[in-house]
Amino acid sequence: MRQIPFHYAVRNLGRSPVRLATSLIGASLVVVLVLASGGFVRGMQVTLSENARLHENVMIIGIGSEEGVERSQIDASVAGIAAASVPRLTQRAGVIYASPEIHAALPVRESSESQADLPAVMRGVREVALLVHPEVEIVEGRAPRAGADEVMVGALAATRLGVSQERLAIGRTLWFDDREWTVVGRFRAPRTVMDAEVWIPLTDLQIATNRESSLSCVVVTLGGAKFSDVDLFVKSRLDLEVTAIREHDYYASIGEFYGPIRVMILVTAALIASGGVLGGLNTMYAAFAARVREVGMLQAIGFTRVAIVASLVEESVLASACGAIIGALIGVVLLDGVAVGFSMGAFALTIDAPVMLAGIVVGLGVGVVGAIPPAVRCLRLPIPEALKSF
Amino acid sequence: MALIECRGLTREYKKGDNIIRPLDGLDLDVERGEFVALMGPSGSGKTTLLNLVAGIDSPTRGELTVDGVALGSLSRNKLAAWRAQHVGYVFQLYNLVPVLTAYENVELPLLLHALSRRERHGRVMTALQRVGIADRHDHYPRQLSGGQEQRVAIARAVVTDPTILVGDEPTGDLDASAAEAVMALLGELHDDLGKTIIMVTHDPKTAACAERTLHLEKGRLVREAGAMEGAAV
């Protein structure tokens, strides 16, 4: 089959600047939308599944609290007992990788005068937490000292609290438990929920939350140990009323909880993208309807219907491809890494290769789907009638 | 054997409950190298006959053979390939592609033939020179007059060296002098290249350029005349 030359499709784009602009804007908006929704879903997914991918951590939490560590209350002695009882846990320089932690969603205020509660996700930790969670990297300042009313904030904590990054700069203060807490350190833990947390010395948080003798969990790094070793420990110490769950599995179950939200976002994006396709259809119907006689002429001189449809689709795809590239650039520049708060903390919109590919494919799809029906309709007219049309 | 043979050629259309028959059992032979004008009132079937001969429409009944090929038996794609090979079509409204230059418009039908770029260039320039518009080869249709556009359209129709050249009122949209020039050009193509030309026209003066004028009424051939007779009608 002989094709109509490509420059015919290219030059046809210039026939109507308004139509070209409409196609470009429509396709780029659809792509931006796909990147935003895809980046949202991907960002949430990555944040909730990255934690234990690199490190085999196991959480020891209270029985029945597998769906929310904030609700877990275990005895403070569990950390020491677990470290002593589970063989071959990772250790370095005599320090066993067993991090006792309190996870709490607490309201904090900007100052004593402030009336607005800011929803903070706090984690009470000891120094060993930095070993158990090596993703955490202090990028400014230092770790907080116990008893000095000091905190350390994650890179996305400001998003979680709904304040500016400057508001959580080193030396600035937050107000909770009736006193001021000074920010002494900033850390980053990209693509983990910790990136949006406020870290505080364990004992300080125990006092602030009136749970001096309890913890939320103990996180241990397996090293030479196996999960079954930790599992055996929790099952043999029924008196402690604890259970073991891989950190990865814990966040995966949280991720499942957000599954319907992700589906809704994707469905909404698909519906809006369908609107884009309909808009594209409308534009192409008008564009091709104005060229019925020309299409009749092309058939009359011997071009097949398939060749003509291919050329019309080529033209539409060319416009939508340009729009898709514009949309992709907008997405990368304006959306990638933008922080979004959610109940577990915050995460960054993640526009990685699969999301980008999805955006480009949908952008091109708008061009194909938006062109085929109008092109076919344009060809439905018998050639003699097409040649008579105006 | 005639180049074009029509036997009992009938074309019917359904319009609501009515059947319209623009062509009704027509018998006609056109010899190779003839220049034929089709005349008749609106709805007489002349354009329908032209479209059938050009292979852009199919008969409802009867037989139509062009150069030994029964057009009714060809599939849509084969008919398209046949058109590309054998038919040059000159339209009343030129039907040039506005986004292509005169050169590219003339080149368009050649893209359906297995020719190199160089061969195409040679043929396009020859065709443009023959219609006297080679100096405007890089002009777009909007930069040409009506007469010049029709010259480009004629160049496009003859560039593939088709078996038959069909024209549907090729001078219908032109002023008198441009029409005269276009008819002179078609006459040259007939005389010099021996092209078989079939042309629909309402204008007796235009029909006078043809060797034979066929008068149709209600889908039937009612009268046939030689060149001078045709002009006198």
Side-chain angles (χ1 to χ4, degrees), chain A residues 1-20 23 284 286-316 318-319 375-376 378-390, chain B residues 11 13 22-23 47-52 54-58 75-101 104-115 117 120 140-142 153 156-160 162 166 168-169 200:
Chain A
M1 181 187 71
R2 302 283 174 171
Q3 296 290 342
I4 295 172
F6 184 63
H7 62 252
Y8 173 73
V10 176
R11 290 190 207 162
N12 273 327
L13 289 177
R15 278 188 174 188
S16 165
V18 174
R19 178 175 75 83
L20 178 61
S23 300
M284 287 303 168
F288 294 166
R291 303 221 300 260
V292 168
R293 190 153 54 92
E294 187 175 309
V295 165
M297 179 277 293
L298 290 172
Q299 287 182 272
I301 66 172
F303 283 102
T304 62
R305 290 174 168 219
V306 176
I308 294 167
V309 169
S311 178
L312 296 176
V313 170
E314 208 169 63
E315 181 183 328
S316 169
L318 200 58
V376 169
C378 183
L379 281 161
R380 223 169 40 194
L381 221 53
I383 304 173
E385 281 184 47
L387 290 171
K388 280 192 277 182
S389 71
F390 287 93
Chain B
R11 182 67 173 106
Y13 301 101
L23 216 54
T47 297
T48 303
L49 175 60
L50 191 80
N51 288 340
L52 289 170
I56 62 172
D57 197 3
S58 300
S75 67
R76 183 180 280 167
N77 281 348
K78 281 191 175 162
L79 200 54
W82 180 85
R83 284 197 299 269
Q85 198 71 39
H86 296 282
V87 181
Y89 207 128
V90 182
F91 307 93
Q92 181 181 355
L93 297 174
Y94 335 128
N95 285 344
L96 298 180
V97 180
V99 294
L100 300 181
T101 61
E104 289 163 337
N105 267 289
V106 176
E107 189 187 28
L108 208 49
L110 287 180
L111 298 171
L112 294 160
H113 295 250
L115 294 172
R117 193 186 180 90
R120 288 204 305 268
Y140 286 91
R142 65 175 181 278
R156 181 181 62 190
V158 299
V159 74
T160 56
V166 295
D168 190 1
E169 302 204 39
V200 165

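In what follows, every chain begins at residue 1, and chains take the letters A, B, ... in the order their sequences are listed. Because the structure is predicted, anything quoted here is derived from the model rather than measured.
- None of B:Asn51, B:Thr47, B:Thr48 except one satisfies the side chain to side chain contact (heavy atoms under 4.5 Å, CB included) rule with A:Pro384; the exception is B:Asn51.
- Minimum heavy-atom separation, A:Gly302 to B:Ala84: CA-CB, 4.0 Å.
- Contact annotation for B:Pro162: neither backbone nor side-chain heavy atoms come within less than 4.5 Å of a heavy atom of chain A.
- Across B:Leu108 and A:Pro5, no two heavy atoms sit closer than the pair CD1-CD, 4.1 Å.
- Distance check, rounded to the nearest 0.5 Å: CG of B:Leu111 to CZ of A:Phe303 gives 5.0 Å.
- Of all heavy-atom pairs spanning B:Ala80 and A:Thr304, the tightest one is CB-CG2, 4.3 Å.
- Contacts of B:Asn95 with chain A are made by both backbone and side-chain atoms, with heavy-atom separations under 4.5 Å.
- Among B:Pro109, B:Ala54, B:Pro98, the residue making the largest number of heavy-atom pairs under 4.5 Å with chain A is B:Pro98.
- Contacts between B:Leu79 and chain A at a heavy-atom distance below 4.5 Å are absent for every atom of the residue.
- If you measure heavy-atom distances from B:Leu50 to chain A, you find no contacts under 4.5 Å at all.
- The number of heavy atoms from other shown groups lying within 6.0 Å of CZ (B:Arg76) does not exceed 12.
- Put simply, the side chain of A:Leu387 does not reach to within 4.5 Å of the side chain of B:Asp168, judged on heavy atoms.
- Put simply, of B:Gln92, B:Glu107, B:His113, the one with the most heavy-atom pairs under 4.5 Å next to chain A is B:His113.
- In this structure, chain A has heavy atoms under 4.5 Å from both the backbone and the side chain of B:Ala114.
- Within residues 288-298 of chain A, the residues having any heavy atom less than 4.5 Å from a heavy atom of chain B are, in residue-number order, A:Arg293, A:Glu294, A:Met297, A:Leu298.
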Q) Checking side chain to side chain contact (heavy atoms under 4.5 Å, CB included) for the pair A:His7/B:Leu100: CA distance, chi angles, key distance, verdict? A) CA-CA 9 Å; A:His7 62 252; B:Leu100 300 181; 3.7 Å; yes
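- Nearest heavy-atom pair across A:Gln299 and B:Arg83 is O-NH2, 2.8 Å.
- Within the 4.5 Å cutoff, no side-chain heavy atoms of A:Glu385 are placed close to those of B:Tyr13.
- For chain A, no part of B:Gln85 is nearby; none of its heavy atoms comes within less than 4.5 Å.
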